[in-house]
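Okay, so here's the structure we're looking at.
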Amino acid sequence: MVEEGDGRGSALPDKTKAPPGAVQELQSGEERRWRLEYQEPFGRCLIATANLSMGDVIYRDNPIITGPKLTSALLCLGCYKTLTDEHYDCSKCTWTLCGPECETEGYHPYECKVFSKANFKLNLADFGDKNPVYECILPLRCLMLREADPSKWSTLQAMESHDEIRQKSDFWDIEQINVCDFLRKQAKVEYSDALMHTICGILDVNCHEVRSNVPGAPDESRVRGLYPLCAMMSHDCTCNTQHTIMDDHSMVVVASRNIAKGQQITGIYTQLLSGTTERRKHLRYCKFFDCVCRRCSDPTELGTYFSALRCTQCGGPVLCKDPLHPNNTADYRCTECGNEVPNSEVNGLTCLIGAEIALAGENDPTILEQLLEKYSSLLNPNHFHIIALKSSLSQTYGRVAGTQMTDLSAGQLGRKMQCCRDVLLVLDVLDPGISRLRGIMEYELQVALLLLLQRAFVQRQLTRQEVLQRLHEPLLLLQSVSMCLQHEAPSCFEGKIYTIAQRSLAEVLKWREKVKLMPEEKFLPPPVITFDQPKLSEQDLTLGDLLRKIGS
């Protein structure tokens, strides 16, 4: 069995060129406005060949293959629906499915063929919330491509795996047990460890999370897919694109802001709303490179102070002394009084707060507010934990089970609005332009604005002009929400928000026109402006007297 190249004895692929099949055929009327080229130190990357405007669709990408994440809840291997205790065991391989119709669905026939031949029996007794047994499924599916779809196998083989770096990481030993040993012993496969590790590396480095709704599923399915063209984009912590996974698992990549001709088209491989140390650790551990982008290089994170603490001595911002430290362990220093804080203390504090936030969940605004108050004296107002709490609060007020937006007091609506505005101020810097989170924040903000306006209007507290003025911001916000979320899958949460926003925009425009025509008794009368006129005598009217008064 040949273990290198495309499986047919060819030379190793040229990693400076696009993987074969990655650049897909253009649809009728489409124009390609980018090229793929090799640049040091980025490797393969996409370059704009024309000026791209915010909102432009840059390309569409289809996955080579999809499958479960490294650990997963019980799911159907055919359609990826999350399963409960009621499930169906495949009649051939015993892996869990929705029902007999999923035995031939998706990529399940790949592993089904292997496990049924090996007479494998799945034991669900040890299954819990996260199950590492699923880790072997996607690597096995990739290996099966060599015979099932040679063209996809060639595309896969030309992607980066970083084997030399990964061999020194924890991933290697875990994959040896959960993938290599498991497939050899349980599935009776004959692939070499070297090839299986390479496939695991390609998946680790290049996979994207796949979010899509499965009809009848209690929530979004979250699996992973290998998108060959998207994998060619360089990373940047303030990237200029946004990608969306549609219900058919295709990916749409959109310019999140204007991109000039000759500029790199970039994506983000980590969490936008994480601090520099957290992002760089994740990128090194999972993607095997050290980010040196302008955001990571700036201790203030472009002036947002997103990772800054409050100095316990003077209250000034405490920043990392060297955000590009090779081991991400640089100490911190107050920019005002020079007080230094060891990295271990900062790391311990941020981990503690992160654990508390995760434990608190997102269903109780009172608990979230308590956490904000508890740590506001230790963290900068724009610290990523503070912004995360405010993002949760902005969506929790009026959305918690048993409460409605109309139940919120004016004070609660005001608090909701302030949280939205605080998050948006940070997004203006770190993620300007089209942003999924921006769309959600602006939607929540306009809801609160319109509710307060409606209450004031019903109570006849506003003049006609004041009503029209206060309708202006919600209209702008709804237009921006539509722009931000227009490419989302209709079945996902953001796609549903887009649909509601479109409907709301039309309704608010109609309301604005009605307000212009409503009778005056519907509004607070405009104030009558009067000017006190001085009483003038005949003497005051003479030029001589006026000049004498001025002179005196």
- [ ] Taking only Lys NZ, Arg NE, NH1 and NH2, and the carboxylate oxygens of Asp or Glu, determine whether D236 and R295 approach each other closer than 4.0 Å.
- [x] no
Task: Nearest heavy-atom neighbours spanning T329 and H325 - done: OG1-CE1, 3.1 Å
TODO: Give a yes or no answer on whether the side chain of Y110 reaches the backbone of A148 with a donor-acceptor pair at less than 3.5 Å.
DONE: no
Open item on the list: Looking at K261 and A48, would you say the former's side chain and the latter's main chain have a donor-acceptor pair under 3.5 Å?
Closed with: no
Open item on the list: So H208 and C230, do their side chains get closer than 4.5 Å, heavy atoms only?
Closed with: yes
Task: Spatial distance of atom CD1 (I177) from atom CD (E135) [nearest 0.5 Å] - done: 10.0 Å
- [ ] Determine the minimum heavy-atom distance between K152 and P63, stating which atoms define it.
- [x] NZ-O, 4.1 Å
Open item on the list: I'd like to know whether Y498 forms a ring-ring contact (aromatic ring centres under 6.0 Å, His included) with Y443, so could you lay out the CA-CA distance, the side-chain angles of the two residues, the decisive distance to 0.1 Å, and finally the verdict.
Closed with: CA-CA 9 Å; Y498 168 76; Y443 178 79; over 10 Å; no
- [ ] Given side chain to side chain contact (heavy atoms under 4.5 Å, CB included), test D181 with Q176 step by step and report yes or no.
- [x] CA-CA 6 Å; D181 295 347; Q176 181 65 45; 2.9 Å; yes
- [ ] State, with a plain yes or no, whether a side-chain heavy atom of P139 is found less than 4.5 Å away from one of C200.
- [x] yes
- [ ] Assess whether atom CD of Q479 is packed by more than 12 heavy atoms of other residues, nucleotides or ligands within 6.0 Å.
- [x] yes
TODO: Go through the side-chain N and O atoms of E40 and Y38 and say whether any donor and acceptor fall under 3.5 Å apart.
DONE: yes
Task: Within 6.0 Å of NZ in K321, more than 12 heavy atoms from elsewhere - done: yes
- [ ] For H385 and T350, indicate whether the former's side chain and the latter's backbone hold a donor-acceptor pair under 3.5 Å.
- [x] yes
Open item on the list: Taking the side chain as everything from C-beta on, heavy atoms only, tell me whether L77 gets closer than 4.5 Å to Y134.
Closed with: yes
Open item on the list: Within the 4.5 Å heavy-atom criterion, are L324 and S297 side-chain neighbours or not?
Closed with: yes
Open item on the list: Looking at E164, I'd like to know if its CD atom is crowded, meaning that more than 12 non-hydrogen atoms belonging to other residues, nucleotides or ligands lie closer than 6.0 Å.
Closed with: no
Task: M483 vs Q486 side-chain heavy atoms within contact, under 4.5 Å - done: yes
Task: Pairing residues for R421 by the salt bridge (Lys or Arg N to Asp or Glu O under 4.0 Å) criterion, not counting sequence neighbours - done: E473
Open item on the list: Test side chain to side chain contact (heavy atoms under 4.5 Å, CB included) on H383 and Y375; report intermediate values, then the result.
Closed with: CA-CA 10 Å; H383 189 277; Y375 291 113; over 6 Å; no
- [ ] Could you tell me whether a side-chain N or O of S234 sits under 3.5 Å from a main-chain N or O of T266, the two making a donor and an acceptor?
- [x] no
Open item on the list: Return the CD to CD1 distance between Q264 and I259, rounded to the nearest 0.5 Å.
Closed with: 10.5 Å
Open item on the list: Can a donor-acceptor pair be found, under 3.5 Å and without considering hydrogens, that links the side chain of T396 to the backbone of E362?
Closed with: yes
Task: Pair T270-C291, side chain to side chain contact (heavy atoms under 4.5 Å, CB included): steps then yes or no - done: CA-CA 11 Å; T270 186; C291 185; over 6 Å; no
Task: Nearest atoms (heavy-atom pairs only) where P228 meets T155 - done: CB-CG2, 3.8 Å
Open item on the list: If you apply the rule ring-ring contact (aromatic ring centres under 6.0 Å, His included), what do you find for H235 with F289, and how did you get there?
Closed with: CA-CA 10 Å; H235 161 84; F289 71 91; 5.7 Å; yes
- [ ] For L368 and G361, work out which heavy atoms get closest and say how close.
- [x] CD2-O, 3.5 Å
Task: Residues forming a salt bridge (Lys or Arg N to Asp or Glu O under 4.0 Å) with D163, sequence neighbours excluded - done: R166
TODO: Starting at SG of C207, measure out to CD1 of I202 and round the result to the nearest 0.5 Å.
DONE: 10.0 Å
Task: Residues R44 and E160 bridged, charged N to O under 4.0 Å - done: no
Task: N/O donor-acceptor pair under 3.5 Å between R224 side chain and P68 backbone - done: yes
Open item on the list: Would the distance check show the side chain of D61 and the main-chain N or O of L229 forming a donor-acceptor pair, the cut-off being under 3.5 Å?
Closed with: yes
Open item on the list: Working to the nearest 0.5 angstrom, can you tell me the gap between C136 SG and E111 CD?
Closed with: 8.5 Å
Open item on the list: If we check side-chain contact (heavy atoms from CB on, under 4.5 Å) with R438, which of these qualifies: D428, V481, D431, L485?
Closed with: D428
Task: Evaluation steps, side-chain hydrogen bond (donor to acceptor under 3.5 Å, both in side chains), between D149 and S151 - done: CA-CA 6 Å; D149 195 329; S151 63; 2.7 Å; yes
Open item on the list: Closer than 3.5 angstrom, by distance alone: can the side chain of N240 be matched with the main-chain N or O of I265 as a donor-acceptor pair?
Closed with: no
- [ ] Could you tell me which non-hydrogen atom of L302 sits nearest to which non-hydrogen atom of T238, and how far apart they are?
- [x] CD1-CG2, 3.8 Å
Task: Pairwise side-chain contact, C296 with R280, heavy-atom cut-off 4.5 Å (strictly under) - done: yes
TODO: Please work out whether the ring planes of F171 and F288 are parallel, tilted or perpendicular, with thresholds of 30° and 60°.
DONE: perpendicular
Open item on the list: Salt bridge or not between E301 and R279? Use side-chain N to carboxylate O under 4.0 Å.
Closed with: yes
Open item on the list: Has T198 got a side-chain atom pairing as donor or acceptor with A194's backbone, closer than 3.5 angstrom?
Closed with: yes
Task: CA sep, side-chain torsions, deciding dist, call: Y107, I137, side chain to side chain contact (heavy atoms under 4.5 Å, CB included) - done: CA-CA 10 Å; Y107 293 103; I137 297 297; over 6 Å; no
Open item on the list: Test side-chain hydrogen bond (donor to acceptor under 3.5 Å, both in side chains) on Q502 and S482; report intermediate values, then the result.
Closed with: CA-CA 7 Å; Q502 288 286 94; S482 298; 2.7 Å; yes
- [ ] Please check if the side chain of N380 supplies one atom and the backbone of L309 the other of a donor-acceptor pair under 3.5 Å.
- [x] no
Task: Considering all heavy atoms, the nearest N382-T304 contact - done: CB-O, 3.1 Å
Task: Min side-chain heavy-atom separation L272-L437 under 4.5 Å - done: no
- [ ] For residues L143 and V114, determine if any side-chain heavy atom of one lies less than 4.5 Å from a side-chain heavy atom of the other.
- [x] no
Task: Spacing of E488 atom CD and I497 atom CD1 [to the nearest 0.5 Å] - done: 11.0 Å
Task: Test side-chain contact (heavy atoms from CB on, under 4.5 Å) applied to T49 and R32, R35, E31, the passing residue - done: R35
Task: From CZ (R436) to NE2 (H243), nearest 0.5 Å - done: 6.5 Å
